[in-house]
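A quick write-up on the structure given underneath.
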Amino acid sequence: MDKLILIDGNSIIYRAFFAMPPLTNSSGLHTNAVYGFTNMLLRLIHEEQPSHILVAFDAGKVTFRHEGYQDYKGGRDKTPPELSEQFPLMRELLESFGIAWFELPGYEADDIIGTLTKQAEESGREVLVVTGDKDMLQVVSDRVKVALTRKGVSEVEPYGPKEIEERYGLKPEQIIDLKGLMGDTSDNIPGVPGIGEKTALKLLHQFGSVESVLAHTDELKGKMKENLVNHADDARMSKQLATIYREVQVERSWEDMTFSGIEAEKAVPVLRRLEFKSLLERLPAVSGAAGTEAGATERSESPDLDVTIVDAAKLSEVEKHLHEIEGIVIESYGENPHHATIMGLMLSTAKRHFFLPLELLKEEEAKPVLSWLGDENIPKRGYDLHRADLALFWQGIAFAGAEHDVELAAYLLDPTENDQTISGLAAKYGLPYLPSDEEVYGKGAKFKVPNVDILSLHLARKADALLRIIPLQRSELEKYEMNRLFYDLEMPLSRILADMEKQGVAVNQDALKELGVEFETQINKLVARIYEIAGTEFNLNSPKQLGEILFDKLSLPVIKKTKTGYSTDAEVLEKLAPYHEIVQFILEYRQLAKLQSTYVEGLLKEISPKTGKVHTYFRQTVAATGRLSSQFPNLQNIPIRLEEGRKIRKVFVPSEEGWYILSADYSQIELRVLAHISGDKGLQEAFLHDMDIHTKTAMDVFGVGPDQVDANMRRSAKAVNFGIVYGISDYGLSQNLNITRKEAARFIDQYFDAFQGVRRYMDEIVKEAKRDGYVKTLLERRRYLPEINASNFNLRSFAERTAMNTPIQGTAADIIKLAMVLMDKTLYEHKLKSRMLLQVHDELVFEVPPDELELMKKLLPETMEKALQLSVPLKAEVSCGLNWYEAK
DNA sequence: GAACTCACG
DNA sequence: ACGTACGTGAGTTCA
């Protein structure tokens, strides 16, 4: 039997909000209303076993009711932000439960529900309406019941015609007459003064309707008669306002509202994010009329797995199954993948799990497995295959053919989720419990490789989880239109990065050591001088001790404080410099100490004794915007701004005699991306003519000609441009330019007046983020912003700036990644020996043999510029030299 | 391990 | 009024 439940989303969420104590998850998101709503929902599903559900929401502030009566719902308090931020969550949760929801601009949830009850009734279906609003009782009939919430939201009281008769002595259609007479303060419906529920009911029992009461006022007397006569129009209007409109164009078919049970895989991640632990436990008990097939909602025990620990004798058996391997786990430990120790390999089919110790692969009989591993035409699915590739590489084992990397897919699906482990993902997708690596291996000093039985079982469980997660990720990627991003960009890039990392960058160790000696002498001089001036020796590297010297001993003015004491950062020291000569020396010391410890000593430690190179590791799954990051060592923050530090770049050299370092960087890529996505005509025009963008900005902001832009104006314009890309705030700009907030605010205003398309973009993207809960790049890379509707000003502002910045920074990241894939292909097709070495966000660095130099100087910028077609041209500038210092 | 500082885009 | 510019990684100190 079909049964439809219609829920007044607004009514329930409001009631839940005020009925529940405040509740937040660990990131400060308010969740009490969603919790109350969900609680009710689960109970309802359990008790009513509906075949169809739809939740209706009000859309927009103005409805057709306001056309006739502008004060409709006037005097209502604004929705508290703690509640507003829960609407997107509620919608997301409904979607994850497989429950349809609907809203239509200009109409209230009531009207949508009224229309649907009418339709359902006409086709002979049973309907239950759930709301806190008594008005709804007017739709009650033999087939339509209305459940009114009682005591908060978890309990409901169903009303049919009989119950309405018992309670009010009225027919359902008379409810609007009741409202017409008594009014409703919460909706600001006036009714007739002096008439409350008691009087209204008495009148209706006698006369039947508002019209009839008004026609018989002569039979009444006293104040009541007077009020009825004087407010007859109010009564008629109130009745009309209370009447639910039942002819809304609702574009939802019966099938759209089908509810076929909650799928744990979809619901669990959302409930987990909301941290609804008790609801998570209740989930298995709940199911729709369609039942619990697929066992999705059962909390199952870890399945028994068929695990084979492979030795030389059993290798032939593995080989028989190689063609049906569906997932692999190549387990290793150690922070740096280049130095990772491999604990073993798990090759899994749908039914069997083969554990191979690393040593086994060195046996002669393992040849087929090795060629399988290294065959790029055999697709492999696994977890963090990038790391596996590097770990195997240093063991002399080739790995190729990565097709689906679960870690990388998880990153694309939610780049800010911090637990991307297999165990975490298993929990997120509602799979059987999977112990974390930490639980199995221990951590820190306690880390220990367990015996082979425990290890192989753990890896089999991980592989088994991967096989279940992969199809779920595939359908999510499909749904979010991320297939291109994943399969054509990030997966191919993963292999390219591994190649770059294996290649490494040659470092002139002697030159680096010499630099170290140079720095050392200068540092020693500075330290001696500083101690002398201070009159005491202290630990210059300790901000605490330095603060005591500067602010207690020398009584310099305190510019800024940190959580724990005085701030002594460079910004503060700059300001203190005029007060005391010691400050300048400290600044110089800081600069050199940084160079020495991070770039000389740090880099020296990272040079591989095997290759004489540094092999960085590009992390592809950390940056929330889609950028790469670089570790062990970080080669994306080698000094360049100050000459002293820039010298470090001289030690990065080609790895072959006579070759060159070739580098190309995008010019103003982020502002070009902004010009494209904002559609701002002025900005686009500027790039079409390849103007100096900061000068152009200065001209427009200050309203002057090109010749009148002085250095200071250009500097300010440049800062404004940076600010725009970062998600501007007057405070931030004022800090950067050392001006007042007011002045900064004026700059910003003038900028937006000059570039109105940019203003529109910034407004729109924030609105979009508030509506959807996420923002996207041009290639559909997503970033969720759960705090975008937070009531906390700081959290919300931060999310708003992120909403502005992420599409820009993220699209720029998309573009250079595209360029890398294209360049890799270009090198291959031209059979070039040149090698891609580094990516530094907007720059690509290569080493190039002399006979390819001219060609590469042409190919590289061309390829970068055509990586993605925008409404403005992309521009890449190339330069070369004998080392990285010269190639800039 | 958190806090501070500073290198890069 | 609220108080931060966006995104990273690494070295040092100190509780």
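Worth saying up front: this structure is predicted, and the values here are computed from it rather than measured.
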Which part of the nucleic acid, if any, lies within reach of [X] when heavy atoms closer than 4.0 Å are counted: base, sugar-phosphate only, or nothing?
X	answer
A:Q735	nothing
A:N539	sugar-phosphate
A:Y731	base
A:T806	nothing
A:S729	base
A:N736	base
A:A570	sugar-phosphate
A:I638	sugar-phosphate
A:G602	sugar-phosphate
A:R641	base
A:I640	sugar-phosphate
A:A813	nothing
A:N637	base
A:Q545	sugar-phosphate

- What do you reckon, is CZ of A:R759 surrounded by more than 12 foreign heavy atoms closer than 6.0 Å?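 Count over threshold, so yes.
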- Answer yes or no: does atom OH of A:Y579 have more than 12 heavy-atom neighbours from other residues, nucleotides or ligands under 6.0 Å?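 Count not over threshold, so no.
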- Query: How would you list, by chain and number, every residue that makes a side-chain hydrogen bond (donor to acceptor under 3.5 Å, both in side chains) with A:D405, sequence neighbours excluded?
  - Reply: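 Checked A:D405 against side-chain hydrogen bond (donor to acceptor under 3.5 Å, both in side chains); zero matches.
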- Set of side-chain hydrogen bond (donor to acceptor under 3.5 Å, both in side chains) partners for A:K594, sequence neighbours left out: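 A:K594 satisfies side-chain hydrogen bond (donor to acceptor under 3.5 Å, both in side chains) with no other residue.
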- Looking at A:Y751 versus A:F755, is the centre-to-centre ring distance below 6.0 Å?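 Yes, the ring centres sit under 6.0 Å apart.
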- Task: Nearest-nucleotide wise, let me know which of A:N794 and A:P633 is further upstream toward the 5' end of DNA chain C.
- Result: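 Result of the comparison: A:N794.
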- Mapping A:R783 and A:R741 onto DNA chain C by nearest heavy atom, which one lands closer to the 5' end?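 The residue closer to the strand's 5' end, by nearest nucleotide, is A:R741.
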- Span of DNA chain B, from the first to the last nucleotide whose atoms fall under 4.0 Å of chain A heavy atoms: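 Endpoints of the contacted stretch of DNA chain B: B:dA3 to B:dG9.
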Hey, is [X] close enough to [Y] for a salt bridge, meaning N to O under 4.0 Å?
X	Y	result
A:D690	A:R672	yes
A:R760	A:E764	no
A:K770	A:E800	yes
A:E877	A:K875	yes

- Message: Distance check, C1' atoms only: C:dG3 and B:dC8, in whole angstrom units.
- Response: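 26 Å, rounded to whole Å.
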- Query: Looking only at atom C1', what distance separates B:dA7 and C:dC2, rounded to whole Å?
  - Reply: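 Comparing C1' positions in B:dA7 and C:dC2 gives a spacing of 32 Å.
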- Task: Determine which pairs satisfy salt bridge (charged side-chain N to carboxylate O under 4.0 Å, His left out) with at least one residue from residues 714-725 of chain A, sequence neighbours left out, and list them in order.
- Result: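 Residue pairs passing salt bridge (charged side-chain N to carboxylate O under 4.0 Å, His left out), neighbours aside: A:D692-A:R714.
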- Task: Start with the C-alpha distance between A:Y589 and A:N541, add both sets of side-chain angles, then the distance that settles side-chain hydrogen bond (donor to acceptor under 3.5 Å, both in side chains), and finish with yes or no.
- Result: CA-CA 10 Å; A:Y589 168 82; A:N541 291 323; 2.9 Å; yes
- With pairs defined as Watson-Crick or G-U wobble and both distances under 3.5 angstrom, please note down DNA chain C as a dot-bracket string, | for pairing with another strand. .....|||||||||.
- Applying side chain to side chain contact (heavy atoms under 4.5 Å, CB included) between A:Q636 and each of A:Q631, A:R627, A:Q839, A:E843, report the one that passes.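 Testing each of A:Q631, A:R627, A:Q839, A:E843 against A:Q636, the sole residue satisfying side chain to side chain contact (heavy atoms under 4.5 Å, CB included) is A:Q839.
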- chain A on DNA chain C: first and last contacting nucleotide, 5' to 3', under 4.0 Å to a heavy atom?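 Footprint of chain A along DNA chain C, 5' to 3': C:dC2 to C:dA15.
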- Task: Would you kindly check if the NZ (Lys) or CZ (Arg) of A:R741 is within the cone defined by 45 degrees around the ring axis of A:Y731 and under 6.0 Å from the six-membered ring centre?
- Result: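 Verdict for A:Y731: no cation-pi partner in A:R741.
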